[in-house]
Amino acid sequence: GETLSVSAPASAPKGRETLQTELETVLLSESREIHRARSPIRIEPPVPLYAPAGAKVLLYDPEGKWGSLYLGLGLKAEVLKDFAGLKAADPSASVLILSAWSLGPAQETGGRPVIGIQDDRSVDLAAFLSRGGRILSLEQENLSALPLGASMTDKASTMTFITAPEHPVFAGLGPEDFMFWAPDHYVSRRELLRPAGGGGKALLVSGGASGLSHAPIVEWFAGPGRALVVQALAGEKLTLDPAARRLFQNALNYLSSLP
């Protein structure tokens, strides 16, 4: 009934090459071996974040909580405290990142979250999307500011499943990369209901008693605009799990590449 956490130091590979190796664990009891196991592991180098060539990155970070982390990891971006500056942004050359948990807490009435409540910020974001803007929404508690019709839930997952393996957001990532993220195993804490239409396409899903009914990553086609809603903890666990960092960069690269 007791869990023991053990840290095993390892040297990160030089440059940007990933090291494929093997971890051997041996369990001893009074110097007697009672269990031995070998597991393949991948060690990722600490690769800096970057803004794709030709793209202007706008980072919405009203409280200054997460933006400093992203900028400190190498991302070059213009930090926004509100959406007033979006009117002057060139949507064909700009990607707006909504930093982790930046849209505020879940709206509640009678103890139950309210889905689809009107948010004044949605007017600015709808106008940006209508002009062909691209939005990367990192994990949020509340999506009322995004005019997408998304339904948020409090479902959390430690195991999730890729539905579109050829999509660019999964470049260099496989099924094993979307389960048991360090340090607490959670890949997501709040997920969307899997959209059945309305311009939303689930890229990563999770399941429960009702099947694969939830989606930690959804791509939304909003007229000429595009939004990637990433409820997987890519923003929060950027420095804690290599898959989170790669997902963050892949999503930014993908949105920047759209015409």
Q: Checking Glu78 now: which residues fulfil salt bridge (charged side-chain N to carboxylate O under 4.0 Å, His left out) with it, not counting sequence neighbours?
A: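 By the salt bridge (charged side-chain N to carboxylate O under 4.0 Å, His left out) rule, Glu78 matches Lys56.
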Q: Measure across Tyr70 and Ala100 and return the closest heavy-atom pair with its distance rounded to 0.1 Å.
A: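 For Tyr70 versus Ala100, the nearest heavy atoms are OH-N, 3.4 Å.
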Q: What pairs meet the ring pair (Phe, Tyr, Trp, His ring centres under 6.0 Å) rule with one or both residues in residues 76-100, with sequence neighbours excluded?
A: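 The answer is Tyr60-Phe83.
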Q: Closest approach of Ile34 and Ser29, non-hydrogen atoms and distance?
A: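 Here Ile34 and Ser29 meet closest at CD1-CB, 4.0 Å.
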Q: After noting the C-alpha distance and the side-chain angles of Leu143 and Arg190, does the key distance pass the side-chain contact (heavy atoms from CB on, under 4.5 Å) rule?
A: CA-CA 11 Å; Leu143 283 177; Arg190 290 178 66 80; over 6 Å; no
Q: With rounding to the nearest 0.5 angstrom, report the CZ to CG distance, Arg131 to Leu86.
A: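 Result: 7.5 Å between the selected atoms.
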Q: Who passes salt bridge (charged side-chain N to carboxylate O under 4.0 Å, His left out) against Arg226, sequence neighbours left out?
A: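 For Arg226 the salt bridge (charged side-chain N to carboxylate O under 4.0 Å, His left out) partners, ignoring immediate neighbours, are Glu219.
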Q: Donor-acceptor check, side chain of Gln140 to backbone of Ser99, threshold 3.5 angstrom: yes or no?
A: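 Yes, Gln140 side chain to Ser99 backbone: donor-acceptor pair under 3.5 Å.
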Q: Provide the closest heavy-atom pair for Leu252 versus Leu136 in the form atom of the first, atom of the second, distance.
A: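 Looking at all heavy atoms of both residues, the closest pair is N-CD2, 4.2 Å.
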Q: Taking all non-hydrogen atoms of both residues, which atom of Gly133 and which atom of Pro91 are closest, and how far apart?
A: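 Taking every non-hydrogen atom into account, N-CB, 3.6 Å.
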Q: How about Pro62 and Ser102: do any of their side-chain heavy atoms sit closer than 4.5 Å?
A: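 Yes, at least one pair of side-chain atoms sits under 4.5 Å.
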Q: Would you indicate whether the side-chain heavy atoms of Leu247 and Ile217 approach each other to under 4.5 Å?
A: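 They are in side-chain contact.
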Q: Going by the angle between their ring planes, with limits at 30° and 60°, are Trp181 and Phe178 parallel, tilted or perpendicular?
A: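 Ring orientation, 0 to 90° scale: tilted.
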Q: Taking side chain to side chain contact (heavy atoms under 4.5 Å, CB included) as the definition, give me every residue that meets it alongside Glu176, ordered by chain and number, with sequence neighbours left out.
A: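 Applying side chain to side chain contact (heavy atoms under 4.5 Å, CB included) to Glu176 gives Arg42.
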Q: How would you list, by chain and number, every residue that makes a side chain to side chain donor-acceptor pair (under 3.5 Å) with Ser157, sequence neighbours excluded?
A: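 With neighbours one apart ignored, the set is Lys155, Glu191, Ser206.
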Q: Using the salt bridge (charged side-chain N to carboxylate O under 4.0 Å, His left out) criterion, which residues pair with Arg36? Sequence neighbours excluded.
A: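 Partners of Arg36 by the salt bridge (charged side-chain N to carboxylate O under 4.0 Å, His left out) criterion, ordered by chain and then number, come out as Glu24, Glu33.
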Q: Side chains of Pro147 and Leu129: does their closest heavy-atom pair fall under 4.5 Å?
A: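 Contact flag for Pro147/Leu129 side chains = yes.
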Q: Take Thr18 and Arg246 through the side-chain contact (heavy atoms from CB on, under 4.5 Å) test and state the conclusion after the steps.
A: CA-CA 12 Å; Thr18 298; Arg246 189 178 289 266; 3.9 Å; yes
Q: Taking side chain to side chain contact (heavy atoms under 4.5 Å, CB included) as the definition, give me every residue that meets it alongside Ala227, ordered by chain and number, with sequence neighbours left out.
A: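 Applying side chain to side chain contact (heavy atoms under 4.5 Å, CB included) to Ala227 gives Ile135, Leu148, Trp220.
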Q: Look up atom CG in Leu98 and atom CG in Asp61, then write down how far apart they are to the nearest 0.5 Å.
A: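 One gets 10.5 Å once the value is rounded to the nearest 0.5 Å.
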Q: Give a yes or no on whether Leu255 and Leu173 share a hydrophobic cluster (residues Ile, Leu, Val, Met, Phe, Trp, Tyr; joining criterion: side-chain heavy atoms under 4.5 Å apart).
A: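 Yes, Leu255 connects to Leu173 through the hydrophobic network.
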Q: Would you please say whether a donor-acceptor pair under 3.5 Å links the side chains of Trp101 and Glu236?
A: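 Yes, Glu236 and Trp101 have a side-chain donor paired with an acceptor closer than 3.5 Å.
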Q: Where is the tightest heavy-atom contact between Asn142 and Pro105, given as atom of each residue plus distance?
A: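 Reported closest heavy-atom pair: CB-O, 3.2 Å.
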Q: Is there a donor-acceptor contact under 3.5 Å from the side chain of Arg245 to the main chain of Val47?
A: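 Confirmed, Arg245 side chain pairs with Val47 backbone.
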Q: Holding to side chain to side chain contact (heavy atoms under 4.5 Å, CB included), I want the full list of residues that pass it with Ala209, two or more places apart in sequence or in another chain.
A: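 Side chain to side chain contact (heavy atoms under 4.5 Å, CB included) list for Ala209, sorted by chain: empty.
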Q: Sequence neighbours excluded, which residues qualify as side chain to side chain contact (heavy atoms under 4.5 Å, CB included) partners of Pro168?
A: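 Result, side chain to side chain contact (heavy atoms under 4.5 Å, CB included) vs Pro168: Tyr254.
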Q: Please check if Val95 and Leu138 belong to a single hydrophobic cluster, counting links between Ile, Leu, Val, Met, Phe, Trp and Tyr side chain heavy atoms closer than 4.5 Å.
A: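 Same hydrophobic cluster.
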Q: Go through it in stages, so that I can follow the logic: the residues are Asn253 and Tyr50, the test is side-chain contact (heavy atoms from CB on, under 4.5 Å), and I'd like the CA-CA distance, side-chain angles, deciding distance and then a yes or no.
A: CA-CA 9 Å; Asn253 292 350; Tyr50 62 91; 3.0 Å; yes
Q: Linking I/L/V/M/F/W/Y whenever their side-chain heavy atoms sit closer than 4.5 Å, directly or via other members, would Leu238 and Val229 fall into one cluster?
A: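 Per the 4.5 Å side-chain linkage, Leu238 and Val229 are not co-clustered.
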Q: Hey, any chance Met179 and Ile162 share a hydrophobic cluster, counting ILVMFWY side chains that come within less than 4.5 Å of each other, even indirectly?
A: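 No, no single cluster joins them.
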Q: Do Leu203 and Met152 share a hydrophobic cluster, counting only Ile, Leu, Val, Met, Phe, Trp and Tyr and linking them when any side-chain heavy atoms are less than 4.5 Å apart?
A: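 No, Leu203 and Met152 fall in different hydrophobic clusters.
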Q: Just verifying a value: how many Å separate Gln231 CD and Thr153 OG1, rounded to the nearest 0.5 Å?
A: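 The OG1 atom of Thr153 is 9.0 Å from CD of Gln231, to the nearest 0.5 Å.
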Q: Give me the atom names and distance for the closest heavy-atom approach of Leu69 to Gly235.
A: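 Taking every non-hydrogen atom into account, CD2-O, 4.3 Å.
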Q: If you apply the rule side-chain contact (heavy atoms from CB on, under 4.5 Å), what do you find for Val230 with Phe248, and how did you get there?
A: CA-CA 9 Å; Val230 180; Phe248 185 114; over 6 Å; no
Q: Filter on side chain to side chain donor-acceptor pair (under 3.5 Å), then keep only pairs touching residues 79-92, sequence neighbours left out; what's left?
A: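 Only Asp90-Ser92 qualify under side chain to side chain donor-acceptor pair (under 3.5 Å).
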Q: With sequence neighbours left out, write down each residue that passes salt bridge (charged side-chain N to carboxylate O under 4.0 Å, His left out) with Glu30, or none if nothing qualifies.
A: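 Checked Glu30 against salt bridge (charged side-chain N to carboxylate O under 4.0 Å, His left out); zero matches.
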Q: Determine yes or no for a side-chain-to-main-chain donor-acceptor pair under 3.5 angstrom, with Thr160 supplying the side chain and Leu204 the backbone.
A: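 Not confirmed, Thr160 side chain does not pair with Leu204 backbone.
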Q: Return each pair, listed once, that meets ring pair (Phe, Tyr, Trp, His ring centres under 6.0 Å) where at least one residue sits in residues 182-210; pairs must be two or more places apart or across chains.
A: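 Pairs touching residues 182-210 that pass the test: Phe180-His185.
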Q: What distance do Leu27 atom CG and Arg32 atom CZ have between them, rounded to the nearest 0.5 Å?
A: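 If I round to the nearest 0.5 Å, the distance is 10.0 Å.
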Q: Just how far is it from atom NE2 of His167 to atom CG of Leu228, taken to the nearest 0.5 Å?
A: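 With rounding to 0.5 Å, NE2 (His167) is 6.0 Å from CG (Leu228).
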Q: If you round to the nearest 0.5 Å, how far is CD of Glu141 from CG of Leu103?
A: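 Leu103 CG to Glu141 CD: 10.5 Å, rounded to 0.5 Å.
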